[in-house]
Structure formats: structure tokens, C-alpha cells
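Just so you know, ligand 1 is whichever comes first in the structure, and atom 1 is the first atom listed for that ligand.
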Amino acid sequence: MSDEKDATKIVQAGRRPEWTQGIVNPPVWRASTILYDSVAELRARGAADTHHKLFYGRRGTPTQWSLAEALTELEPGAEATLLYPSGVAAVASALLAVLSPGDELLVPDSAYDPTRGFANGLLRKIGVTTIYYDPTIGAGIAALCTDRTKAIFLESPGSLTFEVQDLPAIVAVAKARGIVTLLDNTWATPLLLPAIALGIDYSILACTKYVVGHSDVMLGSVTAAQGKYEPLRAISYQLGQTGSPDDAWLGARGLRTMAVRLEQHGRSALKIAQWLRTRPEVARVLHPALPECPGHEYFVRDFRGASGLFSFVLNGGSDAARAALIDGLAHFGIGFSWGGYESLALPVDPQRHRTAKKWEAEGPVIRLQIGLEDADDLIADLDAGLARFAQARG
Ligand SMILES: *Cc1c(COP(=O)(O)O)cnc(C)c1O
């Protein structure tokens, strides 16, 4: 069903009759033990390819296969998808699938901080060297590639600061040298950026965010391009990684409405970003759809739209003045993660994580996750917040 539009696919994909048993939503198939009719059947199943066959709970049930198949359908050119108990587990498994001791890995300086943590932690321990690069490097990444470079990690837009990467240019460099590419596609999802079609080998999602969409489940996924699935499957089975049936069911339930949610998140976020941009208390808004965002031209070229997460830089002021803004907000929760239906405001300090290139700002930074509330109510809330900030700043 690869010819249908995404909104149609997202409704239908993964709902095979043998998995749904005639129910609209594939039910939760919970299992550890699968029972066999005979010793002969048990032996036959164990020896065979267990893809989409009940074998043992860790290999999944139709509940997980259904969500995985739906995510694969949304990435034209993909071979298959595996689920993980969190986005971080998905990132870690994908990297372990492609890296060996002695290899070099390139990671953007704007990567999600726990991704850096994995590279600087376990990967370093097993002898993989990570080199951080300026996310705006584009084709210039060729200069960082050596005979040992095995993989290029990508995250576009970048966490906290939202630089958009020139993905096709980097993919071209990688392909010419036989280097694997992995993209953390959590911000855009395959709906706003079909990554495998751009030539990316592994498209990674923290499903915890927009796929689940309701801030109540931890879940991750990795979708592999044609011919790239086997190493991912092998390492994930070795590590015993699996997303649970209950979490997959909630993920699938969220996925069915993701297209309409993303549209609303994106529209409200852009309206609020444009409003913040006019405010004297705000030095800069970091949003890929605004022309001043580094890599905006790649956003326009490669993405189908923006989602609901962006940051802004305050004009001067202290940490305390930033807290005065955030603490008094009525409609924004204060918390980690994003992608749910509710708005969030988070104080962030991108400069603390950078090692490849210094990141400087005119003042403290706030990251906003724009939820499904009315955008004008959110603007009124932020307006009062900026007044508190201005007063605290003095
Ligand atoms: C949240 C997030 C992750 C990790 O997902 P978890 O499910 O929280 O482990 C990975 N990448 C990005 C860009 C994220 O925002």
C-alpha cells in the first residue's frame, strides 16, 4: 500500500486481519511463553525464521509487529522496524548494530545529550572514538572522514538549538565512502521528513514523543533501509531489546492521530514563534521555519512542515529572571520530554553540552513544546511571563 498518501497509510498500516482478528485496533497480545502442539512443531518453529511468527515473547506478538509495520510503511524505501523500551534504547541499539572496536563515529554537536552520553560512555569503553562536528558543516563533513569512519549520526533539527542539517549533502559524502548514516528523526517524524527516502540508512524515533502523543509511555523505534535490517535485528536480539505489547498498543493508538496532531502542533508553534520574534524581551527565536534559523534553506527544501518544539533566547537577564517567566506560566507544565498534547516550558543551557563549536547566546534560553491548547491563550500566558521576566531583569 505504498502509493497512498500518509494520512491514509497512518490509518490503515499494520492492521492485518490476522493481527486484528476483526477488531479495529489490534488488541494487546501479551506473551512470554508460546505453546506448541508437539515437540516436532516446537523444533520446526525454533529452526525457522521467526519474523511475524509467534515464537517467544521477546520476539514480539502481533501488537508490536503491527506498530512496527505501520512505521515501516511511513518510510518509503524501508525494510523493517524494531521497537525499543525507550528512544535512548533505540539510539544505543542502532549505534551498536553498526559500530565495532576501532571505528570512528561522527556526531553533531547539537545531538540530544543522552546520545552524547552513550557515545562518551559505552561506545568509548568498547573502543569506538566519537568526533563531534558543527551541525551546519554540510558537505564539509568529508574533511572529518577517515579510513576508520564507520558511521555518521545526524539529528535535524538539533536538540535545543534547532540547526537544520544539509542531510542530502552528508548522505552523498557517506555513500561515496561506504559510511553508514543514522538520523534521530524524532522532531519531524516520517510524516514531515521521510528519512529513508533521502538515503538515510537508519531512521530513529523516540516514539515517547509524537507517536505516543499523550506523555504516558516510553517507547522507541529504529526503521532500517532496504538491506540494512539484519545487523539491527541481530544486535537487538542479542541485547534482548523489545518494546512491550502494552506500550506498543498505546503507541499504535497514538500513531493513528499523529498526522492531525502534528498539523495543529506545527501551526500553533509557528504562530507563537512569530509572535515571540516581535518582542523586545526576546533576542532570538530558534525555529526551523524562520529564515534566521541556521539551515532554514534545507528545512524549506527537505521538510514538509514543522512540528511543535522550538526554543527562544531571552534578551539578557539571569537564570532567576528566566525562572520568574517560567514559574508563573498557567498553561505550560515544567518538565522534560515533549510531543504530548500539553504545552511545556523548559529552561535549557545548550552551551553546556557543546564541544565542537562554542554556542553563545544573548541571554538564557527556554525551550517550548506547544501543545493542543488554543494558541492565543498560550500567547497571553507568555505575554504575562515576559512581563515578569522584564521586571525581574530590571
Ligand atoms: C526524548 C528524545 C530521545 C530519547 O527518547 P526517550 O524515549 O526519552 O528515551 C531521543 N532523541 C530525541 C531528539 C529526543 O527528544
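- In this structure, Leu386 CG and Leu314 CG are separated by 7.0 Å, a value rounded to the nearest 0.5 Å.
- Summary of contacts: the protein heavy atom closest to atom 8 (O) of ligand 1 is Met218 CE, 3.5 Å.
- Atom CG of Leu123 sits about 10.0 Å away from atom OG1 of Thr129, to the nearest 0.5 Å.
- If you check which protein heavy atom lies closest to atom 7 (O) of ligand 1, you get Thr208 OG1, 2.5 Å.
- At the shortest separation from atom 14 (C) of ligand 1 among protein heavy atoms lies Lys209 NZ, 2.8 Å.
- Nearest protein heavy-atom contact of atom 11 (N) of ligand 1 is Asp184 OD2, 2.6 Å.
- Of the heavy atoms in Trp187, none comes closer than 4.0 Å to ligand 1.
- Geometrically, Arg116 engages Tyr132 in a cation-pi contact, judged by NZ or CZ lying under 6.0 Å from the ring centre and within 45° of the ring axis.
- Within a 6.0 Å sphere centred on CZ of Arg148, heavy atoms belonging to other residues, nucleotides or ligands number more than 12.
- Taking 4.0 Å as the cut-off, Trp338 counts as a neighbour of ligand 1 on heavy-atom distance.
- Contacts with ligand 1 closer than 4.0 Å are made by heavy atoms of both the backbone and the side chain of Val88.
- When each atom of ligand 1 is checked for a heavy atom of Gly87 under 4.0 Å away, the hits are 4 (C), 5 (O), 6 (P), 7 (O), 9 (O).
- For atom 3 (C) of ligand 1, the closest non-hydrogen atom of the protein is Tyr112 CE2, 3.2 Å.
- For the side-chain contact (heavy atoms from CB on, under 4.5 Å) with Tyr202, the lone residue among Val98, Thr181, Asn185 that qualifies is Val98.
- In this pair, Phe310 and His287 present their aromatic rings tilted. The plane angle is within the 30 to 60° band.
- Gln165 approaches Pro135 most closely through the heavy-atom pair CG-O, 3.4 Å.
- A ring-centre distance under 6.0 Å is not found for His353 and Trp359.
- Interface atoms of ligand 1 facing Ser86, defined by a heavy-atom separation under 4.0 Å, are 7 (O), 9 (O).
- The atoms of ligand 1 that sit less than 4.0 Å from any heavy atom of Ala206 are 2 (C), 3 (C), 4 (C), 5 (O), 10 (C).
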